[in-house]
Amino acid sequence: MSVRVRFAPSPTGYLHIGGARTALFNWLYARHVGGTFILRVEDTDAARNTQEAVDVILSGLRWMGLDWDEGPQTGAADGPSKGDRGPYFQSQRGEIYKRRVQELKDKGLAYDHEGAVKFRMQREPVTIPDLVVGDVVRELTDREKFDPDFVIVRSDGQPVFHLVNVIDDLEMAITHVIRGEDHLSNTAKHIALFKAFGVAPPQYAHIPLILNKDGSKMSKRDTGASLSGYVEDGYAPEAVVNYLCLLGWSPKGNREVVPIKEVVELFDLPHILRHNARFDLAKLHWINGEYIKQMDASRFGQLAQEALGKAGVVTAGFAPDYVAAAFATAKEKIKQFREIPSFTDFYFKDEFAYDAEAVAKSFTAENKPRVEKLRGAFAALTTFDAATLEQALKAVSAELGVKAGALVAPVRLACTGRAVGPSLYHLVEILGRERVLKRLDAALAKMG
RNA sequence: GACCCUAUGGUCUAGCGGUUAGGACACCACCCUUUCACGGUGGGAGCCCGGGUUCGAUUCCCGGUAGGGUCGCCA
């Protein structure tokens, strides 16, 4: 029987980073075994669920590159979908649930209770076979000993999570349920429900949770909990996905940066770790830098362009070669596309403010004659490329008896407005003589 | 309160009875250097505690502690 797994999020308006990893692990397993990855929307709480909330999930999964074989194509509950086990929105499956609840009633396993319908839960402990954790024997809690039965249909007629989740997994022929460990205890209920329907439950794999850096539970309010935050900050999706793979799973062999294709080959359920992991932004940051280094120029340019757009920097009027050259000087320097504006905006703006602290340090009376001399040297150059510029600057500094840095700092500030940025010689070459001399003049006017 | 899961440096992890306990991120120092970043070298830092089992436990068992989860007419 071929493997069928699903990611079944509830559209709450954002995609939790833990949910994103659950989706990823489901996808990885499906791709590893050549199975089917299904997306199902658990929108039973109609009041809270909107098409926009569903779109957040769809776009998040697409951003990560997790394609699904069955499921909705748009955020509309009654919109198009692919797969023959639909509908893939729970809000569209009311008739199925009604029929199944009747089945339980007919079997004497469900009964009406103050307007709601309750399931007659078994009183004995339930053994949960789990591919990650092993066999878990779930005893009844004190409250459950008092009354183990639980509501499966609310008094307003709405079926509850445990019921619909099981029915859908059953009807969609799900073979492996890969989900967060927060569902482990509840799995006893699910297994009992499957048994009640006369069907063998799927195999379970409960994966550890992702906690905050300090070990506390990551809830929607915590920074970093939402996938969209990483999209906004300009992380490369492949880096985020790679990092997520490393939380609760290991490629072994002391490897960290592993292409997703290889992860698909290596991934398997029994190798998933059993303990929770904490989310470490610093490591994601580093991985992102690694991916940026490997990235080809066109992909880098595309992501850089997006980052500049968000910062309101317009590159439209500049030649493609100029833009590409400008980006190239930032590529080896940044670890996050959020840094792009501060590394490249001066290429596209003639008006900019100088960093105040750097002004105090570099735009000094002492530096003025030095910069004037260098300006003269730059103006006299016959070729204006990085190598020549470096030579010229070093010649001037030698003549003046100062270190190269004494000239570099004020020139950098004059050309970029900042103390930190791309290689000075390269950025000066790209800006070109005309712009550079103009910027040096403007800076000289402020010195002394 | 009951039930369930978990426990290797600050963090992510390798390890699956005998290892100088390995790697990565982060941190510190130095080198390289036009800033930053990269790169290089070196460094500090770990098997939660207590009992067993065993010739020998980080590794197996039990207890404790700690963290997380569940016990809803939320999902």
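Protein chains get the first letters and strands the later ones, always in sequence-line order, with residue 1 at the start of each.
Between K293(A) and G39(B) there is a side-chain polar atom (N or O) within less than 4.0 angstrom of OP1 or OP2. Within the structure, every side-chain polar atom (N or O) of K189(A) is placed at least 4.0 Å from both OP1 and OP2 of C3(B). The side chain of R274(A) contributes an N or O atom lying less than 4.0 Å from OP1 or OP2 of U6(B). Under 4.0 angstrom from either OP1 or OP2 of C74(B) there lies at least one side-chain N or O belonging to R154(A). Put simply, H275(A) has no side-chain N or O that comes within less than 4.0 Å of OP1 or OP2 on C12(B). Contact annotation: K213(A) does not reach the phosphate of C12(B) (side-chain N/O to OP1 or OP2, under 4.0 Å).
Comparing U13(B), U35(B), C4(B) by their nearest atom to the side chain of V136(A) picks out C4(B). When the nucleotides C73(B), U11(B), G39(B) are ranked by their closest atom to the side chain of E290(A), G39(B) comes out on top. Here the nucleotide nearest the side chain of E139(A), chosen from A24(B), C3(B), A26(B), is C3(B). You'll find that the side chain of S185(A) is closest to U70(B), out of A24(B), C71(B), U70(B). You'll find that the side chain of L184(A) is closest to C5(B), out of U70(B), C5(B), C12(B).
A ring-ring contact (aromatic ring centres under 6.0 Å, His included) with H190(A) is found for one member of H206(A), H183(A), H162(A) and no other, namely H162(A). Checking each of F7(A), F37(A), F267(A) against F25(A) for a ring-ring contact (aromatic ring centres under 6.0 Å, His included) leaves exactly one that passes, namely F267(A).
The partner of G1(B), taking Watson-Crick or G-U wobble pairs whose two distances both stay under 3.5 Å, is C71(B). C48(B): Watson-Crick or G-U partner is G64(B), with both key distances under 3.5 Å. C27(B) is paired with G43(B) under the Watson-Crick or G-U wobble criterion, all donor-acceptor distances under 3.5 Å. Using Watson-Crick or G-U wobble geometry with both donor-acceptor distances under 3.5 Å, C16(B) finds no partner in any strand shown. U34(B): no Watson-Crick or G-U partner with both key distances under 3.5 Å is found in any strand.
Taking the side-chain contact (heavy atoms from CB on, under 4.5 Å) definition, one finds that Q336(A) meets it with D233(A), Y235(A), H285(A), N288(A), R338(A), E339(A), sequence neighbours left out.
Within the 4.0 angstrom heavy-atom criterion, base atoms lie near S155(A). A419(A) comes within 4.0 angstrom of a base, heavy atoms only. E144(A) comes within contact range of the sugar-phosphate backbone alone, with a heavy-atom separation under 4.0 Å but no base atom that close. Across all strands shown, P208(A) has no heavy atoms under 4.0 Å from either base or sugar-phosphate atoms.
With respect to R278(A) and D214(A), no salt bridge is recorded, no charged nitrogen being found less than 4.0 Å from a carboxylate O.
Side chain of Y425(A) to main chain of Q391(A): no donor-acceptor pair is present (N/O by atom type, distance under 3.5 Å, no hydrogens or angles).
Rounded to whole Å, the distance from CD1 on I167(A) to P on A75(B) is 13 Å.
Under the 6.0 Å distance and 45° angle rule, R85(A) does not count as a cation-pi partner of Y88(A).
Under 3.5 Å, the side chains of T127(A) and D135(A) contain no donor-acceptor pair of N or O atoms. Looking only at atom types and distance, the side chain of S362(A) has no donor-acceptor partner in the side chain of R412(A) under 3.5 Å away. Between the side chains of S59(A) and D55(A), no donor-acceptor pair of N or O atoms lies under 3.5 Å.
By the 30° and 60° cut-offs, the orientation of the rings of F300(A) relative to F337(A) is tilted.
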Which atoms of nucleotides 64-68 of chain B (N or O only) lie under 3.5 Å from a protein N or O atom, and what are those distances?
from: G68(B); atom 1: O2'; to: N276(A); atom 2: ND2; distance (Å): 3.1

**OP:** For nucleotides 27-33 of chain B, just jot down a letter per nucleotide in 5' to 3' order: B, S or -, based on protein non-hydrogen atoms under 4.0 Å.
**Re:** -------
